[in-house]
Chemist: 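Below are the structure tokens for one structure; questions will follow.
Lettering follows sequence order; numbering is per chain, from 1. These numbers were taken from a predicted model, which means no experiment stands behind them.
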Amino acid sequence: MANERQKNWMQEALDETLPPESLHELRARLETSPEDAAQYERLRRVDRLLRSAPMERAPAALAVSIMARLAEAVSQRAGGRSSAALALTLAVLAALLLPLLIAFCWLMLNTIGSPAALGQALAGLNALLVSVIAAVDGLLASAQRFVEAYPEAPAAALAIIPISLTWLVRTARKHRSNEKQRRAESRLADTTASSENPTVQAAQVRAAESCLDGRAAERDDL
Amino acid sequence: MSTIDSVVLEWVKAALNGDQDAFAELVYMFQDAVYNLCYRMLYDSVEAEDAAQEAFLRAYLNLARYDTARSFKTWLLSIASNYCIDRLRRRRMKWLSIDDPLPNLALREDTPEPEDVTISHERSRAIQDLLRQLPPDYRAAVVLRYWYDYSYVEIADILDTTESAIKSRLFRARQMLADKMDAKDISGMTIPLLENI
């Protein structure tokens, strides 16, 4: 029975990494031990079977699928980058507005600290509230007169509300769908112009077409 | 550096600058190698296609991390093999039986002769049946050794382990496969053994 070292030699012989002197020693061993020779034969059968295995070729459409997936990933990344840019812009804006906010707070605290200034501020606020209330009162009086003159107007107004809401929602959806289609069409046009590689073209056209199909389905739903 | 390597390096640099045409060239060049690895690892043509796509996508997204001193093919295959090993481990965690039905092994349109195809197909299936019984790490070592002719050191580099670990995996894998072959008696698929060592 082969020991561990000889078993390793058998394996290394199969991988053609066994030094010549060890190979010679292994040969001698196999000639004298039928059991070891049988063991080596079993391993060699495996080795031969694996060496004879064919290489599987990639499906014809694999490259196109890869490039389509890649184009999608790249556009998603670009979307992520624009969100990051928006967040950065907002952060900068907030940082710029901070001194203004601090100045406003300082003014407010000063006003509250001085009784005369506080009285003035309260009087101004009071006057503003009075004028707002008077304006609302005037509007209500006009509305009351209008309803007295045309009693059917409230019912008509109530009927218009759901109709106008539905119209608004449909218009917004249509606008969004048109915008997406316009972007997809422009991407499709860019594709043929920007890339000379047929795989990239096919992948990008496929991505853009699937986008257009999606938009068409959305429009149908509408 | 060989001419092919320098061309590949040019494509990698161009792809890093956002040139998708250059990356498409890399896909064309290595798609068979990546697909075969995924197919041998996963045993299913649909899964292999998906894994190959994922491997290329990961390669593209991590292209900046590629060390140009290494072979691009080796780097790509290391992404694919590690992804397949993870996928096999996840599959095992989902308690999928190893006796699930045979995958789609339909013949392709560009196959040469029906008889050759049948023999090749049968042999391929017999090998796949054996391979799928190996643990993922062993399977990866066997595939990289026999289909790509990589040395122990290169396989260790791809699978991020040591040379002795790869030797051990290969030796044990061959022993396991020999035992399975005895059990299944598929010697009819082997090539007649004519040569001596």
Side-chain angles (χ1 to χ4, degrees), chain A residues 4 7-18 23-24 26-27 30-31 37-74 77 191 194-204, chain B residues 18 20-25 27-28 31-36 38-40 45 48-50 52-57 60-61 108-110 120-121 123-124 126-128 130-131 142 145-147 151-152 167 170-171 173-175 177-182 186-187 189-193 195-197:
Chain A
E4 207 54 40
K7 280 182 187 169
N8 282 345
W9 280 1
M10 287 183 195
Q11 302 271 7
E12 286 177 22
L14 293 174
D15 285 331
E16 295 165 358
T17 55
L18 192 65
L23 189 62
H24 182 72
L26 178 65
R27 270 192 195 140
L30 296 179
E31 276 167 16
Q39 164 68 0
Y40 181 70
E41 198 56 33
R42 288 173 72 237
L43 292 175
R44 208 163 66 145
R45 273 173 57 200
V46 172
D47 184 67
R48 285 303 164 108
L49 179 66
L50 291 172
R51 281 183 199 280
S52 70
M55 189 91 170
E56 283 292 318
R57 288 190 62 194
L62 182 65
V64 174
S65 316
I66 291 167
M67 295 313 292
R69 213 162 143 179
L70 197 133
E72 199 182 332
V74 168
R77 262 189 152 192
T191 296
S194 67
S195 177
E196 289 173 2
N197 188 306
T199 306
V200 177
Q201 280 186 4
Q204 290 177 338
Chain B
Q20 287 192 24
D21 290 0
F23 195 76
E25 297 290 355
V27 171
Y28 266 131
Q31 60 173 345
D32 284 339
V34 172
Y35 176 78
N36 178 67
C38 297
Y39 177 72
R40 296 295 169 195
S45 53
E49 206 174 324
D50 186 54
Q53 285 179 18
E54 185 65 33
F56 275 107
L57 190 63
Y60 184 80
L61 297 176
R108 295 221 175 81
E109 284 171 10
D110 56 352
S120 173
H121 173 64
R123 179 171 290 158
S124 184
I127 291 166
Q128 285 299 95
L130 284 171
L131 280 180
V142 168
R145 174 79 194 117
Y146 282 98
W147 276 270
S151 67
Y152 300 144
K167 261 186 171 180
L170 269 175
F171 293 0
R174 269 198 288 248
Q175 190 61 54
L177 292 175
D179 295 343
K180 300 284 180 195
M181 275 175 75
D182 287 346
I186 59 163
S187 54
M189 293 294 169
T190 58
I191 289 173
L193 305 172
E195 297 166 15
N196 292 318
I197 54 171

Chemist: Given a strict heavy-atom distance threshold of 4.5 Å, which part of B/V142 is in contact with chain A: side chain, backbone, both, or neither?
Modeler: side chain

Chemist: A/Q11 side chain to B/F171 main-chain N or O, any donor-acceptor pair under 3.5 Å?
Modeler: yes

Chemist: Is it the side chain or the backbone of A/A73 that comes within 4.5 Å of chain B heavy atoms, both, or neither?
Modeler: side chain

Chemist: Indicate yes or no for a side-chain donor-acceptor contact from B/Q128 to the backbone of B/Y39 under 3.5 Å, with no hydrogens or angles considered.
Modeler: yes

Chemist: Looking at A/R69 and B/D50, is any side-chain nitrogen of the basic one under 4.0 Å from a carboxylate oxygen of the acidic one?
Modeler: yes

Chemist: So which of B/Y60, B/Y146, B/Y152, B/F23 has the biggest tally of heavy-atom pairs under 4.5 Å with chain A?
Modeler: B/Y146

Chemist: Report the residues that fulfil salt bridge (charged side-chain N to carboxylate O under 4.0 Å, His left out) with B/R40, sequence neighbours left out, ordered by chain and then residue number.
Modeler: A/E56

Chemist: Where on A/E16 is there a heavy atom nearer than 4.5 Å to chain B: the side chain, the backbone, both, or neither?
Modeler: neither

